[in-house]
Chemist: 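After the structure tokens below, expect a handful of questions from me.
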Amino acid sequence: MADPQKPQTPKKGNDNLKLPTRADDFSEWYIQLVKRAKLADNSDVRGSMVIRPNGYAIWENMQQVLDGMFKDTGHQNAYFPVLIPESYLAKEKKHVADFAPQVAVVTHAGGKPLPEGERYVIRPTSETIINRSFTNWVQSYRDLPILINQWANVMRWEMRPRLFLRTTEFLWQEGHTCHATEAEATEETLRMLDVYERFAVDYMAMPVIKGQKTESEKFPGAVSTYSIEAMMQDKKALQAGTSHMLGQNFAKMFDTQYQSKEGTKEYVWQTSWGVSTRLIGALIMTHSDDAGLVVPPKLAPTQLVIIIIGKTPEERGPVREKAHALAAEAKKQGIRVLVDDDETKGPGFKYAEYELRGVCLRAELGPKDLAQNQAVLARRDNKAKETVSLDAVVSRAGQLLEEMQQALYDAAKQRMTDNTFEVNSVEELKTKDGFLLAHWDGTPETEKRFKDEFGLTTRNRPFDLTQEPGTCVLTGAPSPGRIVLAKAY
RNA sequence: CGGGGCGUAGCGCAGUCUGGUAGCGCGUCUGCCUUGGGCGCAGAAGGUCGUCGGUUCGAAUCCGGCCGCCCCGACCA
């Protein structure tokens with residue numbers, strides 16, 4: 001009955017099971033990966049996303065580690081309102097000028113329009129409203145330092161949102177501190193930058209460049225801003241965390257003063273620092289591959305999945321029993337483990353699915369294995385498979401997780417090293433791709449030219465780079481030292 | 001806000017040029033079958049074709065308005 005005029009039935013749908021490749025279209029690969037790995041969905045609210053359990057679990061793991069680090073450095077959590085009186089924002093001139101365009105304002109409430117002057121903004125960041133409280137909390141030098149952290153959502157009306165990297169509403173932590181002296185505040189600013197670096201390196205397996213932002217890139221209202229910058233697989237830079245030395249700018253606007261030992265009134269010195277759910281985007285773009293998500297074991301929601309293979313109940317029964325015994329043992333060793341006993345899907349499907357979702361290790365356990373007292377372990381990052389005797393599975397899994405954590409860092413570090421260049425000519429600015437260490441004359445004009453003519457932005461002035469004077473790569477004017485230039489997210 | 005593209009089943013799309021009352025793949029559901037790399041067979045459910053109006057005997061299809069989304073740019077710690 002087939003009608004020869006009719007177009008052939010389209011090919012089997014296996015193609016759309018695969019992700020676009022990174023080489024073909026990095027950006028499309030990223031978007032598809034986020035959705036297919038069930039990390040997040042777009043929502044009907046433009047620019048806002050739904051974070052799904054698989055994505056939120058990564059965030060929870062990040063929160064847990066970071067929160068511990070904050071507590072270890074003496075910080076306490078608190079919570080401040082999501083709505084900020086519009087007038088607060090306006091107190092710091094630079095702050096309001098830079099944030100106003102991306103702020104959402106509550107103009108109606110209780111069924112009525114709010115009069116001018118009684119409106120609220122949805123927090124884009126909380127320096128102002130927190131300072132309002134600090135003013136009440138600080139009386140004496142004995143009250144200092146105040147070391148506060150807040151886990152919260154914030155909203156910035158971004159014009160070009162991108163899942164995890166730049167969403168209208170996002171989750172973050174913001175630390176806010178008050179100190180008696182400038183030196184203490186500076187120390188705190190750098191201490192927290194170090195915490196971020198340590199988190200990036202030790203947990204995210206993501207090397208970063210730590211350094212100071214330029215004048216034009218610093219936080220509105222800050223005296224100086226520092227960042228950690230990471231390199232994604234497409235060689236673009238992603239700002240992964242920032243720490244700000246606020247000086248006394250907000251203190252003066254909110255009259256946050258203390259009485260010193262000598263009896264004088266002094267303004268407090270402040271800092272603020274934050275990382276956000278953007279880190280999940282960084283994680284994805286640092287480690288994942290064309291088969292899907294790859295997550296460093298320390299942050300992975302599931303570190304080991306045990307897949308039960310077998311056709312008949314007679315075959316599956318003993319396998320299932322052994323699988324659950326192994327899982328219990330693994331759990332005891334602190335491994336986040338899952339047993340997949342779903343009989344409606346074949347093993348091949350499951351392999352692909354767990355690779356897509358970023359489970360670090362897969363144990364295949366079937367009747368043949370059981371007969372030989374063994375299991376197959378497969379590592380997500382390099383796809384290596386090995387046969388392990390059953391009594392060694394859990395300890396071997398633990399080892400492999402550690403090796404994988406290290407291997408991911410090494411690979412990312414290698415990539416960053418291979419794509420970081422000293423550049424000394426306009427020609428090199430055009431041809432080199434990655435982190436470009438270049439002399440810059442320090443003017444905003446030249447900074448703008450980097451952007452307009454080469455698509456490059458200043459990332460930061462790295463701490464661990466010996467700063468020797470030279471001449472600006474664009475203008476030839478004197479330069480105090482090299483800065484990192486890169487295409488950025 | 002400028003330039004371009006697109007709204008048809010949960011998802012991805014065809015059908016629009018040339019008007020005749022909607023189709024394919026994936027997914028979902030049921031049953032059987034299968035399970036060591038995205039199984040197979042059979043059956044089923046699911047759509048006011050973005051929206052409002054116009055032309056017409058008849059509109060997913062032609063015309064106009066509106067709405068929404070995506071990409072590029074402007075913007076973005």
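Because the structure is predicted, anything quoted here is derived from the model rather than measured.
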Chemist: Could you state the atom-to-atom distance from CZ of Arg379(A) to P of G37(B) in whole Å?
Modeler: 21 Å
Chemist: For Gln32(A) and C70(B), give me the distance from atom CD to atom C1', rounded to whole Å.
Modeler: 13 Å
Chemist: Expressed as a whole number of Å, how far does the C1' atom of G50(B) sit from that of A59(B)?
Modeler: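 Per the computed distance, 16 Å lies between those C1' atoms.
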Chemist: Both distances below 3.5 Å, Watson-Crick or wobble geometry, any strand: find the nucleotide opposite C62(B).
Modeler: G54(B)
Chemist: Could you check which of G37(B), G38(B), G36(B) has an atom nearest any side-chain atom of Val376(A)?
Modeler: G36(B)
Chemist: Provide the Watson-Crick or G-U wobble partner of C69(B), both distances under 3.5 Å; none if there is no partner.
Modeler: G5(B)
Chemist: I need the CG-P distance between Asp98(A) and C75(B), as an integer number of Å.
Modeler: 13 Å
Chemist: Kindly say whether Met206(A) contributes a backbone atom to a donor-acceptor pair with the side chain of Thr286(A) at under 3.5 angstrom?
Modeler: no
Chemist: Would you measure the distance from the C1' atom in U18(B) across to the matching atom in U61(B) and give it in whole Å?
Modeler: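 So the two C1' atoms sit 10 Å from each other.
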Chemist: Would you mind classifying the nucleic acid contact of Asn42(A) as base, sugar-phosphate or nothing, using non-hydrogen atoms under 4.0 angstrom?
Modeler: nothing
Chemist: Students often get this wrong, so: under 4.0 angstrom with heavy atoms, is Pro101(A) touching a base, only sugar-phosphate, or nothing?
Modeler: nothing
Chemist: Is G46(B) paired to anything, Watson-Crick or G-U wobble with both distances less than 3.5 Å, and if yes, which nucleotide?
Modeler: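 Pairing partner, where one exists within any strand: none, as none qualifies.
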Chemist: Suppose you measure atom P in C24(B) against the same atom in A45(B); what distance do you get, rounded to whole Å?
Modeler: 13 Å
Chemist: To the nearest Å, give me how far apart CD (Glu353(A)) and C1' (G27(B)) are.
Modeler: 12 Å
Chemist: If you check every side-chain atom of Lys311(A), which of U35(B), G36(B), C76(B) has the closest atom?
Modeler: U35(B)
Chemist: Distance between the P atoms of C32(B) and G23(B), in whole angstroms?
Modeler: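 Taking atom P in both C32(B) and G23(B), they lie 30 Å apart.
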Chemist: Picking from G37(B), U28(B), U35(B), which would you name as closest to the side chain of Lys345(A)?
Modeler: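 Closest nucleotide among those given: U28(B).
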Chemist: Which nucleotide wins on minimum distance to the side chain of Ile309(A), given the candidates G38(B), C76(B), U35(B)?
Modeler: U35(B)
Chemist: Counting any heavy atom closer than 4.0 Å, what does Trp172(A) reach on the DNA or RNA strands: base, sugar-phosphate only, or nothing?
Modeler: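 Here Trp172(A) touches the bases of the nucleic acid.
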Chemist: Is the NZ or CZ atom of Lys213(A) positioned over Phe219(A)'s six-membered ring, under 6.0 angstrom from the centre and within 45° of the axis?
Modeler: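 Not flagged: Lys213(A) not positioned over aromatic ring of Phe219(A).
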Chemist: Need to verify one output field. Residue with the more 5' nearest nucleotide on RNA chain B, Thr312(A) or Phe349(A)?
Modeler: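 Result: Thr312(A).
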Chemist: Without decimals, in angstroms, what is the distance between Arg320(A) CZ and U35(B) P?
Modeler: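 Nearest whole value for this atom pair: 16 Å.
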Chemist: Once you round it to whole Å, what is the distance between P of C71(B) and CG of Asp25(A)?
Modeler: 11 Å
Chemist: Looking only at atom C1', what distance separates C62(B) and C17(B), rounded to whole Å?
Modeler: 11 Å
Chemist: Given that both distances must come in under 3.5 Å, which nucleotide forms a Watson-Crick or G-U wobble pair with C75(B)?
Modeler: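 None - no nucleotide pairs with C75(B), as no candidate has both distances under 3.5 Å.
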Chemist: Kindly assign one of parallel, tilted or perpendicular to the pair Trp29(A) and Phe26(A), based on the angle between their ring planes and the thresholds 30° and 60°.
Modeler: tilted
Chemist: Can you tell me which nucleotide in G38(B), G37(B), C76(B) comes closest to the side chain of Glu158(A)?
Modeler: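 That would be C76(B).
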Chemist: Do the rings of Phe70(A) and Tyr196(A) sit parallel, tilted or perpendicular, given the 30° and 60° boundaries?
Modeler: perpendicular
Chemist: Between Lys451(A) and Gly310(A), which residue's closest nucleotide on RNA chain B lies nearer the 5′ terminus?
Modeler: Gly310(A)
Chemist: Would you classify Ser227(A) as touching base, sugar-phosphate or nothing, given that sugar-phosphate means primed atoms plus P, OP1 and OP2, and contacts are heavy atoms under 4.0 Å?
Modeler: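 Contact class for Ser227(A): none.
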Chemist: What's the CZ-C1' distance between Arg36(A) and G27(B), to the nearest Å?
Modeler: 12 Å
Chemist: For this output row, return yes or no: ring centroids of His176(A) and Phe134(A) closer than 6.0 angstrom.
Modeler: no
Chemist: Choose from G38(B), G37(B), U35(B) the nucleotide whose nearest atom is closest to any side-chain atom of Lys385(A).
Modeler: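 Of the candidates, G37(B) comes closest.
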Chemist: A14(B) and A44(B): how far apart are their C1' atoms, nearest whole angstrom?
Modeler: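 These two C1' atoms come out 23 Å apart once rounded.
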Chemist: With P as the reference atom in both, quote the distance from G65(B) to G3(B) in angstrom, rounded to an integer.
Modeler: 15 Å
Chemist: Base, sugar-phosphate, or nothing for Pro161(A), non-hydrogen atoms under 4.0 angstrom?
Modeler: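 Nothing, no nucleic acid heavy atom in range.
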Chemist: Starting the side chain at C-beta, find the nucleotide from C76(B), G37(B), U35(B) nearest to Glu343(A).
Modeler: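 Within the option list, the nearest is U35(B).
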Chemist: Counting only Watson-Crick pairs (N1-N3 plus N6-O4 or O6-N4) and G-U wobbles (N1-O2, O6-N3), all under 3.5 Å, who is the partner of C26(B)?
Modeler: G10(B)
Chemist: Arg162(A) CZ to G73(B) P: how many Å, rounded?
Modeler: 12 Å
Chemist: Step through it carefully: locate the ring centre of Tyr30(A), locate the ring centre of Phe164(A), and say whether they are under 6.0 Å apart.
Modeler: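 No.
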Chemist: For Glu364(A), which contact category applies under a 4.0 Å heavy-atom criterion: base, sugar-phosphate, or nothing?
Modeler: base
Chemist: Could you go through Glu188(A) and Arg191(A), starting from their C-alpha distance and side-chain angles, then the distance that decides it, and tell me whether this counts as salt bridge (Lys or Arg N to Asp or Glu O under 4.0 Å)?
Modeler: CA-CA 5 Å; Glu188(A) 166 80 0; Arg191(A) 176 185 303 119; 2.6 Å; yes
Chemist: Using purine N1 to pyrimidine N3 plus N6-O4 or O6-N4 for Watson-Crick, or N1-O2 and O6-N3 for G-U wobble, each under 3.5 Å, what pairs with U34(B)?
Modeler: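 Here U34(B) is not engaged in any pair, so there is no nucleotide opposite it.
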Chemist: Using a 4.0 Å heavy-atom cut-off, does Phe99(A) contact any base of the nucleic acid, only the sugar-phosphate backbone, or nothing at all?
Modeler: base
Chemist: Which part of the nucleic acid, if any, lies within contact of Glu229(A), taking any heavy atom under 4.0 Å across all strands shown: a base, the sugar-phosphate backbone alone, or nothing?
Modeler: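 It contacts nothing in the nucleic acid.
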Chemist: Taking CD in Glu321(A) as the centre, count heavy atoms belonging to other residues, nucleotides or ligands within less than 6.0 Å. Is the count above 12?
Modeler: no
Chemist: So if I take every side-chain heavy atom of Arg316(A) and compare against U35(B), G37(B), G36(B), which nucleotide ends up nearest?
Modeler: U35(B)
Chemist: For Thr167(A) and Glu158(A), does a side-chain donor sit closer than 3.5 Å to a side-chain acceptor?
Modeler: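 Judged by distance alone, the side chains do not pair up.
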Chemist: Where the side chain of Pro367(A) is concerned, which of G36(B), G37(B), U35(B) is the nearest nucleotide?
Modeler: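 In terms of side-chain proximity for Pro367(A), the closest of G36(B), G37(B), U35(B) is G36(B).
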Chemist: Between U16(B) and U35(B), how far is it from one P atom to the other, in whole Å?
Modeler: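 Between the two P atoms, the distance is 45 Å.
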